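Below: the structure, in structure tokens.
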Amino acid sequence: TMGTTWSVIYAEPGRGVAPEGLQAGIELELAAINATFSTYIPDSEISRINADVSGDPLVVSDSFAQVLDTALAIFRTSGGAYDVTIGPLVRLWGFGPGEAMESAPADDAIAQARYATGQGALDLDVDTGTLLKRAPRELDFSSIAKGYAVDLAAEAITELGVRDFLLEIGGEMRMSGNSPRGDRWRVAIEQPDATLRAVSRALPVSDAAVATSGDYRNYFEVDGVRYSHIIDPRTGYPVRHDLVSVTVVHESAMVADGWATALVILGMPAAREVAEQQSLAVYFIQRDGEDFIASHSSAFEPYLEGEDA
């Protein structure tokens, strides 16, 4: 789904739920989410909204309004570091559909692409379910839609009577109840090293969602310069600081997904400051030469209990 895979580990409830029935229930939710948020489906809701340049208020679905409302809130709180209209910049840097980049784009091309971005041009009225684009804007919820899909699919699993499960969509996860061992689920945070697969630490988590964002897997290099796929909408350039991985634990996978991206873009120390202000449970990993340094926000402390530092 959404260009990636999904999986679920669960304990069968007393009344019994066949794997085929569980799979069908989850895929029904995922199909509806794709029909709303996929920019690869020409007649999806987001594709139709992106194509509209009339300047008239547009009626949006409840799901669309909910996700955009969350994105706008993160945009404001992060000082513009998070922006779901950043598509023109992502494509310019070669991280959208098409061929990979062989050189960095020119400064004037970046400036032109930035002119076509900015969530500040969007006015959403949640009460009436209408969106006004005060300037042409393309929306792309790839940095938050997987989290929203996790939330809705988790609700579908719960409604089928399953209480103990771990659901994962493209790396974004929600844990409910207990693991097959009878205790909290253990979730690994990956060491942000593109050359190997190693664990930075394991977290005991239950009844919460976990999302991680980092700049160490998707990038290109030109003349020894490394360009990350994570673009800072405030500058138009890929992030170039030492904060390479952010993991957020939250009751909402959608919120965790969006904030993980926003905090990576902010970099330290701004990311830590915002995390403390918003009481976000966050695990940070910074690059220090060939080494990595891990730290966390105050709200993350409960997930370290009983674990080695």
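The model shown is predicted, which means the values in this text are computed figures rather than measured ones. Side chains are part of it too, since the values below use all heavy atoms of this structure and drop only hydrogens, waters and symmetry mates.
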Please list every donor-acceptor pair under 3.5 Å in which a side-chain atom of residues 105-118 meets a protein atom from a residue at least two apart or in another chain.
from	atom 1	to	atom 2	distance (Å)
D107	OD1	Y237	OH	2.4
R114	NH2	R234	O	2.9
T117	OG1	R114	O	2.8

Decide whether D242 and Q286 meet the rule of one side-chain donor and one side-chain acceptor closer than 3.5 Å.
-> yes

Looking only at heavy atoms, which two atoms of D52 and K133 are closest? And how far apart?
-> O-NZ, 2.9 Å

Applying ring pair (Phe, Tyr, Trp, His ring centres under 6.0 Å), name anything that partners Y283, two or more places apart in sequence or on another chain.
-> F300

L243 and A271: which non-hydrogen atoms are nearest, and at how many Å?
-> CD2-CB, 3.9 Å

Donor-acceptor pairs are to be reported for all side-chain atoms of residues 22-29 against protein atoms at under 3.5 Å, with residues two or more places apart or in another chain.
from	atom 1	to	atom 2	distance (Å)
Q23	NE2	E27	OE2	3.2

Partners passing side chain to side chain contact (heavy atoms under 4.5 Å, CB included) against A31 (at least two apart in sequence or in another chain) | none

For S44, check side chain to side chain donor-acceptor pair (under 3.5 Å) against everything at least two apart and list the hits.
-> S47

To the nearest 0.5 Å, atom CE of M173 lies from atom NZ of K146 at 12.0 Å

Output every pair passing side-chain hydrogen bond (donor to acceptor under 3.5 Å, both in side chains) with a member in residues 256-272, not counting sequence neighbours, ordered by first then second residue.
-> R272-S295

Looking at residues at least two apart in the chain, or sitting in another chain, which of them share a side chain to side chain donor-acceptor pair (under 3.5 Å) with S143?
-> Y82

When rounded to the nearest 0.5 Å, the distance separating CD1 of I169 from OG1 of T1 is 6.5 Å

If only atom types and distance count, is the side chain of R174 paired as donor or acceptor with the main-chain N or O of E251 below 3.5 Å?
-> yes

Distance-only donor-acceptor check, side chains Q119 and T85, under 3.5 Å | no

Without placing hydrogens or testing angles, list every side-chain donor-acceptor pair under 3.5 Å for residues 204-211, not counting sequence neighbours.
from	atom 1	to	atom 2	distance (Å)
S206	OG	G177	N	3.4
S206	OG	G177	O	2.4
D207	OD1	G177	N	3.0

Who are the side chain to side chain donor-acceptor pair (under 3.5 Å) partners of S252, not counting sequence neighbours?
-> D151

Are S200 and I285 side-chain neighbours, meaning at least one heavy-atom pair lies under 4.5 Å?
-> yes

Which atom pairs, donor and acceptor, lie under 3.5 Å between side-chain atoms of residues 57-65 and protein residues at least two apart or in another chain?
from	atom 1	to	atom 2	distance (Å)
S61	OG	E45	OE1	2.7
S61	OG	E45	OE2	3.4
S61	OG	F64	N	3.1
S63	OG	Y148	OH	2.9

Listed by chain and number, what are the salt bridge (Lys or Arg N to Asp or Glu O under 4.0 Å) partners of D123, not counting sequence neighbours?
-> R134

Listed by chain and number, what are the side chain to side chain donor-acceptor pair (under 3.5 Å) partners of H296, not counting sequence neighbours?
-> E301

Report yes or no: does S297 contribute a side-chain atom to a donor-acceptor pair with the main-chain N or O of L280 at less than 3.5 Å?
-> yes

Donor-acceptor contact below 3.5 Å, side chain D164 vs main chain N178 | yes

Going through the distances and angles, do V199 and Q191 end up as a side chain to side chain contact (heavy atoms under 4.5 Å, CB included)?
-> CA-CA 5 Å; V199 175; Q191 192 81 301; over 6 Å; no

Donor-acceptor contact present, side-chain W185 to main-chain S176, <3.5 Å | yes

